[in-house]
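Everything below concerns the one structure shown next.
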Amino acid sequence: MLANSKTGGFAFLQTVARFSVAPFINFFLGIVAVVFLTRLFSPELYGAWNLFNLAANVCVGIVYMGLSEGILRFAYSLPEGYSIQNFLWKCIFIAGIFFLFFSGVVLCFYDVISVWLFHEISLYRITLLLIYTFSLMLMNCFFVSYFRVMSLSFSYTVQQVGVQFFSKIFIMLAVFIGMTVDTVLTLNTFGVVFVFLFCLFMNGKHILPQQLEKGRVDLSDAIKFSLLSWPNGLLSRVSLFLMPFVLSHQLGAYEVGLYASTSIFVAVITVLNTGFMTYWVSFVYKNAETKQSLIIKTHTYMIICIFLVFSMMIISQHGIYFLIGSDYQISRVFFSLVISDVFFSVLEATTQQGIALEKKPYETFIILFVSLLVQFVCAWYLTKNMGVVGAAFATMISAGCRFLLFTWRGQKYYQSIERWDKTVVGMLMILSLAVSNWFFSDAYWIELGIVFLIGCVIFLVFRMDILHAKAAVYEYKRMRKT
């Protein structure tokens, strides 16, 4: 029984690893891109580009209507004889019709929306935004969901790497064409459209239905679930957009660029999170009853992984910041506060799945709305007194509130936490590392001492889990040899 459990655990890790290839490649591409962009682009230009991408992400959250969640949730329970490809394209058709309606509304009020986003009237930028939104919707919502349920890890990797690579390469051409906002946004959009057309051509045999289904098929449950999940996906995207938006209105594009420069650290966490989440959601849906012990262990070991990654970031921060442009060095003071949000997102992914399993998306909506409200209120007032550091604190505070609420409701419906004291230690560890690095930003050796002390606490609390993991690795190696 123990051997089967360990084998199942390693099979889970191997599947996660296949979907983690793209995040690892994107991590290195992201590091290279940030190094070049922060040296080539001013903080104002970098901030404008970042705000455009986040605005497009919000638009995707509006037009996709939650249908990608419906694909993930109901791909394994479609009516007999109804293919996943047909379900995929029916969802794309519905979202496409709504996109046309959304585009019409945006173009009618383009002047107001343009000033709201770019602080000037520009029909050209709004048009680029709509083109960019449509391409991202198809790739990052529908194609990715299909690749995930079909376990097409190679197609997933090519698409995700292609989006990152070509969008970054194209905008660097602005150095030769012109260092203006319009030039950068144009090259950014064309790069993503190029990848979309390439992926559609390359994956046509997988994505396009072999034959059209005849007759009416009842997909009301899937559509209803998607529409109920829709606000949650939208709020998640708004939360990413909110802070740069508040900074652009309260302070300016320069501060947005400083805040965005912390993405060099966010890219590291994405290596952990993207590949894990790509497989994790469908894994929990499929194995919630049969592999609960593995799901519980995943939460415990995720806390240990977060400590290792966070502490390594703090230890190596001076070396990493040596790579980016001198205009962005001030962001080292508050980078740990910003990335705490991503660490809480990783951890809450292992505690909140009970809400989805019980099909209660309205609870997810309430939690996201409350955390978004907390973030906005804190950001609006803290940035007035503390500048961009206040925005970073607002991000950390709202992330902590979101984690507490998600964990509380998720555990009510499905247990994925073995011992609550370990989870509390995990939360305090994230907060302590984030705040201490800001407070002792000019006292590196003191911060190293704090990291060491927190590491001792983690070892004492999780020592049995660490020993079990070591034994499992040894057993796995022994089984492979035999």
One should read off an interatomic distance between M429 CE and I303 CD1, to the nearest 0.5 angstrom, of 7.0 Å
Interatomic distance, Y46 atom OH to F41 atom CZ [nearest 0.5 angstrom]: 9.5 Å
If I take atom CH2 from residue W49 and atom CG from residue L185, how far apart are they, to the nearest 0.5 angstrom? 10.0 Å
Verify side-chain hydrogen bond (donor to acceptor under 3.5 Å, both in side chains) between S416 and Q411, making sure each step is shown before the conclusion. CA-CA 7 Å; S416 62; Q411 295 305 299; 2.8 Å; yes
With a 4.5 Å heavy-atom cut-off, do K224 and L227 have their side chains touching? no
Does the plane of the ring in F134 sit parallel, tilted or perpendicular to the ring in F99? Use 30° and 60° as the thresholds. tilted
Given side chains that start at C-beta, do those of L240 and V58 come closer than 4.5 Å, heavy atoms only? no
pair F93-L88: side-chain heavy atoms closer than 4.5 Å: no
Does any part of the side chain of N140, heavy atoms only, come nearer than 4.5 Å to the side chain of V60, both counted from C-beta? no
Start with the C-alpha distance between I295 and T350, add both sets of side-chain angles, then the distance that settles side-chain contact (heavy atoms from CB on, under 4.5 Å), and finish with yes or no. CA-CA 8 Å; I295 293 171; T350 63; over 6 Å; no
Measuring only between side-chain heavy atoms, which start at C-beta, is L130 closer than 4.5 Å to F102? yes
Check: W230 ring centroid to F98 ring centroid under 6.0 Å: yes
Those residues that, when tested against F393, pass ring-ring contact (aromatic ring centres under 6.0 Å, His included) (two or more places apart): W438
Does any non-hydrogen side-chain atom of L117 lie less than 4.5 Å from one of F52? no
Is there a side-chain contact between M396 and V435 in this structure, where contact means two heavy atoms from C-beta onward sitting under 4.5 Å apart? yes
Kindly determine whether K297 and D465 satisfy salt bridge (charged side-chain N to carboxylate O under 4.0 Å, His left out), including the steps that lead there. CA-CA 9 Å; K297 290 178 182 178; D465 302 291; over 6 Å; no
Among S239, S345, S236, the one residue meeting side-chain hydrogen bond (donor to acceptor under 3.5 Å, both in side chains) with R402: S345
What do you reckon, are the aromatic ring centroids of W89 and F142 less than 6.0 Å apart? no
Looking only at heavy atoms, what is the nearest atom pair of L51 and P244, with distance? CD1-CB, 3.8 Å
Cation over ring face, R237 and Y64, 6.0 Å, 45°: yes
